Amino acid sequence: MTAVDNLSLEVDTGAIFGLVGPNGAGKTTTMKILAALLTPTSGRAWIAGEDVSTNPSRVRQLVGYMPDFFGVYDDLKVDEYLDFYAASYGIPVRERRMIIGDLLELVDLSHKRQAYVDSLSRGMKQRLCLARSLVHDPALLILDEPASGLDPRARVEMRELLKELKAMGKTIIISSHILPELAELCTHIGIMEAGQLVINGTNEEIVEHTRTGRILQIKVMNQADGAALILQEELGLTEMPFLNNCLDIPFSGSDEDLNRILTRMIKDGIPVISFSEGKNNLEDIFMQVTKGVVQ
Amino acid sequence: MKRLVLNPVLDKEFRSRMRTWKSPLLISLYLGTLALITLGYYWTQQQRIYYSGFGPDVGPQIYVTLTIFQLMLVSFVTPAFTAGVISGEREKQTLDLLICTRLSAISIILNKLMASIAYILLLIISSLPFFGVVYFFGGILLSELAQIFLVYLMTALTFGAVGVFCSTIFRKTQVSVVVTYVIVFFFLAGTAAITAFLVNVRPNFGGVPVIAYLNPLVALYSTFPGSFARGLPLNFAPGPSGAVGANVTSLQPWQYNFIGDGIIIVVLLFIAILLLDPVGRFSRLKRWFKRKKKVQVDSGEISKKIDTESTENYEGH
């Protein structure tokens with residue numbers, strides 16, 4: 001079985017690349033190849049110009065990897081845990097103390113410094129693992145489902161943390177099933193299905209690429225029938241189903257047409273609350289470009 | 001080299017191992033078992049001397065009993081410590097995180113083994129006071145005791161390497177532990193059975209089959225002072241028969257055992273190191289071969305060039 005097939009993509013320095021796809025799409029395999037944990041049967045991958053297969057040790061120094069499922073050494077304390085990994089990256093003792101303090105502050109675990117890892121909540125362990133992936137100050141972060149299994153509060157905390165890392169200028173490749181959050185965080189999106197990259201580009205490019213036409217969103221206080229009549233006359237459509245005084249319809253006209261419709265509604269005394277052009281969100285795009293194929 | 005020895009893996013293993021209540025409990029159980037044997041034997045001898053006094057063979061007998069029992073304990077404990085060192089990391093889902101660091105596969109494997117062996121050494125060293133009892137009765141030299149401890153160390157290293165190898169090969173710790181114990185059992189009993197079989201099948205062959213020297217009990221037995229061996233079933237003529245010839249007399253059986261163990265340790269650890277890192281393993285070897293080939297090609301071209309130049313020079317003359 002081929003986990004990832006014919007995948008070709010480039011992530012710019014400083015970009016936040018969101019990898020989206022159903023379970024079994026090949027996201028984790030792709031990430032493991034980039035983290036120098038798997039060798040591709042064919043093809044090459046480079047991180048900052050270093051070939052992942054031929055120079056794994058250099059690549060590992062450049063990459064901070066956080067897997068979707070990970071374990072922790074329960075019998076170590078929080079600072080010992082980070083110290084172990086910092087030492088494993090060859091960081092000198094003096095620097096380690098400072099780095100650990102900074103990282104614990106970043107992930108808001110300073111108060112748990114002397115606590116055993118075993119005693120931390122799931123959300124805290126996720127944050128600790130993120131801190132672990134940062135101990136050697138990597139240029140690229142590969143985060144596989146960093147918010148999976150977290151409660152809403154922990155998820156918000158994780159999102160804020162990722163925004164902070166984004167502000168710090170880290171390049172991040174992140175996978176997640178929570179598409180609205182990903183859309184908010186990422187500069188670039190790639191959608192995978194059955195081991196193949198279905199679509200890839202900046203958020204705007206993807207929206208543009210998947211756009212099938214304009215979407216008109218109208219909300220009125222009341223008189224939905226009156227609004228429907230105007231739209232029928234202006235757009236030549238036979239049915240105009242308002243639901244709870246709201247309407248979403250595909251629209252192929254120009255900006256002038258929009259202006260004319262809105263002016264007429266106001267002139268006819270329709271109490272319009274909102275009149276806007278809707279955009280496809282990431283969930284819509286995801287549903288549009290994927291076929292639900294599972295390997 | 002410094003990075004290889006003063007390694008975070010070793011540090012973490014020591015810290016984790018000595019932090020729980022399991023370690024002192026195991027040391028207590030280990031020493032308690034040895035104490036029971038020593039005191040039990042001493043007590044039976046005391047009952048006997050009521051009639052006839054301590055015999056001259058009491059010290060050696062305690063020594064033989066203790067050393068054999070300790071070897072069995074080392075053989076039993078070592079797989080338990082080593083057969084889960086890598087598969088355990090895999091099961092805990094911490095192996096990928098470890099491989100992701102700058103630690104090399106060599107460093108991870110060797111330090112995992114060293115941490116386990118260090119703990120077994122602690123058990124062996126803590127048993128030293130029991131051997132003091134043997135000195136009470138006399139008949140044993142310090143050098144002989146040192147040989148015995150070398151046999152323990154080598155046995156622990158061999159079975160430890162088997163454990164680490166199985167732990168790298170098998171994904172599940174349970175499978176790894178079972179296979180390691182089977183292999184250890186083969187070393188202890190299987191080699192003896194095969195030896196007995198070969199000796200019976202070919203009585204005129206002379207000497208002892210090579211496989212007998214893999215048995216740590218043979219190595220242990222050969223370190224006993226000559227008088228101790230009296231009455232024991234096999235007469236181990238020095239030098240393995242067959243391969244090198246029965247008349248090789250330069251080495252003692254325990255030395256052959258060390259050579260065999262050394263080869264096994266190196267081979268098993270080498271394979272474990274290759275298998276541990278999925279990206280670094282063969283690519284590194286491949287790169288090495290490529291470099292070597294390139295160097296050969298380059299040197300070939302250079303020598304060709306030199307030949308051409310020298311021919312030209314010669315012609316120029």
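The basis for the numbers below is simple: all heavy atoms, side chains too, and nothing from hydrogens, waters or symmetry mates. In what follows, chains carry the letters A, B, and so on, assigned in the order in which the sequence lines appear, proteins first and then strands, with residues in each chain numbered from 1. Here the structure is a predicted model, which is why all the values come from computation and not from measurement.
Qualifying side chain to side chain donor-acceptor pair (under 3.5 Å) partners for A/Ser176, counting only residues two or more places apart in sequence or in other chains: none.
Within 6.0 Å of NZ on B/Lys172 lie no more than 12 heavy atoms contributed by other residues, nucleotides or ligands. Shown here is B/Phe14, whose CZ atom has more than 12 heavy atoms of other residues, nucleotides or ligands within 6.0 Å. By the 6.0 Å contact criterion, CD on A/Glu160 is enclosed, its count of non-hydrogen atoms from other residues, nucleotides or ligands being greater than 12. Annotation for A/Gln114: atom CD counts as buried by contact number, over 12 foreign heavy atoms lying within 6.0 Å.
Residues A/Leu37 and B/Ile99 form a side-chain contact, since some pair of their non-hydrogen atoms from C-beta on lies under 4.5 Å apart. For the pair B/Cys100/A/Tyr85, no side-chain contact is recorded, criterion being any heavy-atom separation below 4.5 Å from C-beta on. Looking at heavy atoms from C-beta onward, A/Lys32 lies in side-chain contact with B/Asp96 at the 4.5 angstrom threshold.
For the atom pair B/Arg19 CZ and A/Lys77 NZ, the distance stands at 5.5 Å (nearest 0.5 Å). Atom CG of A/Asp68 and atom CD of B/Gln93 lie 8.0 Å apart (nearest 0.5 Å). Between atom NZ of residue B/Lys92 and atom CG of residue A/Asp74 there is a gap of 7.5 Å, rounded to the nearest 0.5 Å. Summarising the geometry, atom OG belonging to A/Ser88 is positioned 9.5 Å from atom CG belonging to B/Asp11; distances are rounded to the nearest 0.5 Å.
Contacts of B/Glu91 with chain A are absent, with no heavy-atom separation under 4.5 Å from either backbone or side chain. Within the 4.5 angstrom heavy-atom criterion, only backbone atoms of A/Val72 (N, CA, C, O) approach chain B. Of the atoms belonging to A/Arg132, it is side-chain heavy atoms, and not backbone ones, that fall under 4.5 Å from chain B. Proximity to chain B involves both the backbone and the side chain of A/Leu76, based on heavy atoms less than 4.5 angstrom apart. Looking at A/Val52, only its backbone comes within 4.5 Å of chain B, counting heavy atoms on both sides.
Residue B/Thr101 comes nearest to A/Arg60 through the heavy atom pair O-CD, 4.0 Å, listed as atom of the first residue, atom of the second, then distance. The two atoms that bring A/Gly71 and B/Leu97 nearest to each other are O-CD1, 3.9 Å, heavy atoms only.
A distance-only check finds no donor-acceptor pair linking the side chain of B/Arg102 to the backbone of A/Gln61 [under 3.5 Å].
The residue among A/Tyr73, A/Tyr65, A/Phe70 with the most heavy atom pairs within less than 4.5 Å of chain B is A/Tyr73.
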